[in-house]
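Below is one structure, written out as structure tokens; comments come after it.
Side chains included, hydrogens not; waters and symmetry mates left out as well; all remaining heavy atoms used. Residue numbering restarts at 1 for every chain, and letters A, B, ... go by the order of the sequence lines.
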Protein chains: 2
Amino acid sequence: MVETIQWTDSGVVMIDQTRLPLEEIYVTCSTYEDVAAAIRGMVIRGAPAIGVAAAMGVALGLLNASSGDLDAQFARICDTLAATRPTAVNLFWAIDRMKRRFAEWRALPLDELRRRMVAEAAQIRLEDIATNESIGRHGAPLLPNGRTVLTHCNAGALATAGYGTALGVIRAAVASGNPLDVFADETRPFLQGARLTVWELQRDGIPATLITDNMAGHFLNSGRIGSVVVGADRIAANGDVANKIGTYSVAVLARENNVPFYVAAPISTLDLSLPSGDAIPIEQRPTSEVTHVFGVQVAPDNASVQNPAFDVTPNRYVTAIITERGVARAPYEQSLRALAGA
Amino acid sequence: MVETIQWTDSGVVMIDQTRLPLEEIYVTCSTYEDVAAAIRGMVIRGAPAIGVAAAMGVALGLLNASSGDLDAQFARICDTLAATRPTAVNLFWAIDRMKRRFAEWRALPLDELRRRMVAEAAQIRLEDIATNESIGRHGAPLLPNGRTVLTHCNAGALATAGYGTALGVIRAAVASGNPLDVFADETRPFLQGARLTVWELQRDGIPATLITDNMAGHFLNSGRIGSVVVGADRIAANGDVANKIGTYSVAVLARENNVPFYVAAPISTLDLSLPSGDAIPIEQRPTSEVTHVFGVQVAPDNASVQNPAFDVTPNRYVTAIITERGVARAPYEQSLRALAGA
């Protein structure tokens, strides 16, 4: 299994997800600004993974901080990391957790405070892997035996500290003996499906077929697809799901063709403070992601572009939400709150 | 307006649609085999345009034929051109028309036969432009005033001899004073939307915004889109529509969001011999179209790929079919047959 992100003595080491699958290059972030730039530039992406990255960024910033006015420095570190990407709530969840620990341990000697904060970030990483394995156990029985699973974007090991959410469910199903195969939407504009999901599944020996995003409806309609599993960047209290742009389309097309549509995500992806998905902020990414592919121009000069990075799938299209604490079904207001213990 | 295809003394001249929009290069086909290769390689594409190309290819083949066994040569020319692409029925319609003329004029002196066949191909080209202008007149009043029109692939001047079918409707609406703007799906894998539709609309000064295919659902759901207009490669007797892969998805998402979905196509796109879309052959294109973009690899080595070039939209998602003879609505069995005069 690939290591998405690791804490090392020389800094936070990440596999560069902008270069996969053609090059396996690891980058080392030695400052919290490096980590923020890596998140913003999608060297690391995927809601759980950027949560882990942000936590490690906070720890790294504190390690490099001078002894003067630690509170101001800490606030700046947290604010910088929080300003990288707006949609995935795991980012804010991880920063908030680090803030709470900082407040709790603030009176300790600086060395001890730093040691504990680094350990906390490492702990968030380990918990994420365990969480995903648990999501996999809960979700695996939902996937129809021997049928093709469609997934969108990459909700795999690379989107998390390891194992993956949607791909974790697929991995767990395969491990339990389900002879499924996977159709992966290429997921324009950033091509996470083509570049990351197919690469991950190939390494695991799980049969994967790459399709363009606009083929998903055709294959859902053809009877080829037995279920859909995707990840999530933020889930509102009513079960509306923000996820990679195109997820809404897949969900509508799945329901139109009576194919179950599953969302796999950790409890940290829930944002119970939002009554519905309408309030989830949707990131707009640079137009060059659409007009260029790996630096190659594919549209006329000066083309106007829209590039929302996410969309919101209303809860009525979601068959179930798979978390590490169990499977939530409609009505989600109740089921999600119960799982969250809120 | 760009000239998609023209008959010249040195052969059939086409703008190379594989190189647009970065390069405007014209290629000259001096044999019918050149024309067949251009159709297969998508130097020229779009159902009406490949009909014109095939007719010109037949005329070119006859011009180059030796005087011995003309019937066998003519049959080989027609068979070669018919074997280029399977889905667009206009290809077969145009070849059949040339075959009928050949039979009709077979007894004439060879020079006169050749002259008439060349003139017939030129006539098919001219008729196509007039047909599209007529489609535009019938379709323009259907587009809501000042609202955004979504289109998929390229059903423009480049997909026809000129003016376009779906883009013809848009052009006619703009000419009549409708201050609409256009959202263009990029249309993977061949990127006809990004490369061709945006380029055409820019040249006409019609505001166009490029989006990836997986954003269409999001914008249909947002209320931004007032109507959808697409072309067609073949329409069955019941109104089922084969068109560029992804059209089915757009149609389902349009209906889900109560946005009218229009198909603009000439009568020559009707295949009343097929009771439904189930019988329409769907072309599978090379996997490299998905794994590579302009020669740049975007997927891991040895990725399994599906690449159906078209899908079928069931008639229940089609609000109306706009032809040069008027607008057909459900039940299409009756309305299409009436327009076709069949």
Side-chain angles (χ1 to χ4, degrees), chain A residues 20-22 152 183-189 191 194-195 198-199 202 207-221 244-253 255-257 282 287 289-291 293-308 310-312 314, chain B residues 20-22 152 183-189 191 194-195 198-199 202 207-221 244-253 255-257 282 287 289-291 293-308 310-312 314:
Chain A
L20 286 171
L22 302 185
H152 186 70
F183 267 39
D185 286 348
E186 67 173 5
T187 318
R188 281 279 289 151
L191 293 167
R195 300 192 302 104
V198 172
W199 182 79
Q202 276 188 348
T209 300
L210 174 63
I211 59 173
T212 61
D213 299 294
N214 58 18
M215 293 175 192
H218 172 70
F219 286 109
L220 283 161
N221 183 241
K244 179 52 53 196
I245 187 73
T247 302
Y248 163 74
S249 295
V250 174
V252 169
L253 288 156
R255 201 191 57 170
E256 186 75 6
N257 291 288
I282 299 296
T287 60
E289 290 185 354
V290 174
T291 57
V293 177
F294 271 106
V296 177
Q297 184 176 341
V298 298
D301 293 336
N302 307 315
S304 295
V305 169
Q306 289 269 357
N307 188 14
F310 304 93
D311 60 25
V312 174
Chain B
L20 286 171
L22 302 186
H152 186 71
F183 267 39
D185 287 348
E186 67 173 4
T187 318
R188 280 278 291 151
L191 294 166
R195 299 192 301 104
V198 172
W199 181 79
Q202 276 188 348
T209 300
L210 174 63
I211 60 173
T212 62
D213 299 295
N214 58 19
M215 294 174 191
H218 171 69
F219 286 108
L220 282 162
N221 183 240
K244 179 53 51 194
I245 188 73
T247 302
Y248 163 74
S249 295
V250 174
V252 169
L253 289 156
R255 201 191 58 171
E256 186 76 6
N257 292 288
I282 299 297
T287 60
E289 290 184 354
V290 174
T291 57
V293 177
F294 271 108
V296 176
Q297 185 176 342
V298 298
D301 293 336
N302 307 316
S304 295
V305 170
Q306 290 269 355
N307 188 14
F310 304 93
D311 60 25
V312 174

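- Looking only at side-chain heavy atoms (C-beta outward), A:Val252 and B:Val252 come within less than 4.5 Å of each other.
- Both the backbone and the side chain of A:Gln306 come within less than 4.5 Å of a heavy atom of chain B.
- Taking the side chain as every heavy atom from C-beta outward, B:Val290 and A:Met215 approach each other to under 4.5 Å.
- Heavy-atom distances place the side chain of B:Val296, and not its backbone, under 4.5 Å from chain A.
- Using a 4.5 Å cut-off between heavy atoms, B:Pro21 contacts chain A through its side chain alone, with no backbone atom that close.
- Contact count against chain A (heavy-atom pairs under 4.5 Å) is highest for B:Val298 among B:Val298, B:Asp311, B:Leu191, B:Val312.
- Of the two parts of B:Ala303, the backbone and the side chain both hold a non-hydrogen atom closer than 4.5 Å to a non-hydrogen atom of chain A.
- In terms of heavy-atom pairs under 4.5 Å with chain A, the best-connected choice from B:Thr209, B:Ile245, B:Asp213 is B:Ile245.
- Under the 4.5 Å side-chain criterion, counting only non-hydrogen atoms from C-beta, A:Gln297 is not in contact with B:Phe294.
- Heavy atoms of B:Gln202 lying under 4.5 Å from chain A belong exclusively to its side chain.
- In this structure, the side chain of A:Asn214 does not engage the main chain of B:Asn214 through any donor-acceptor pair within 3.5 Å.
- When all heavy atoms of A:Ser249 and B:Gly217 are compared, the closest pair comes out as OG-CA, 3.4 Å.
- The shortest side-chain heavy-atom distance between B:Pro308 and A:His218 falls under the 4.5 Å cut-off.
- Both the backbone and the side chain of B:Asn307 come within contact range of chain A, with heavy atoms under 4.5 Å apart.
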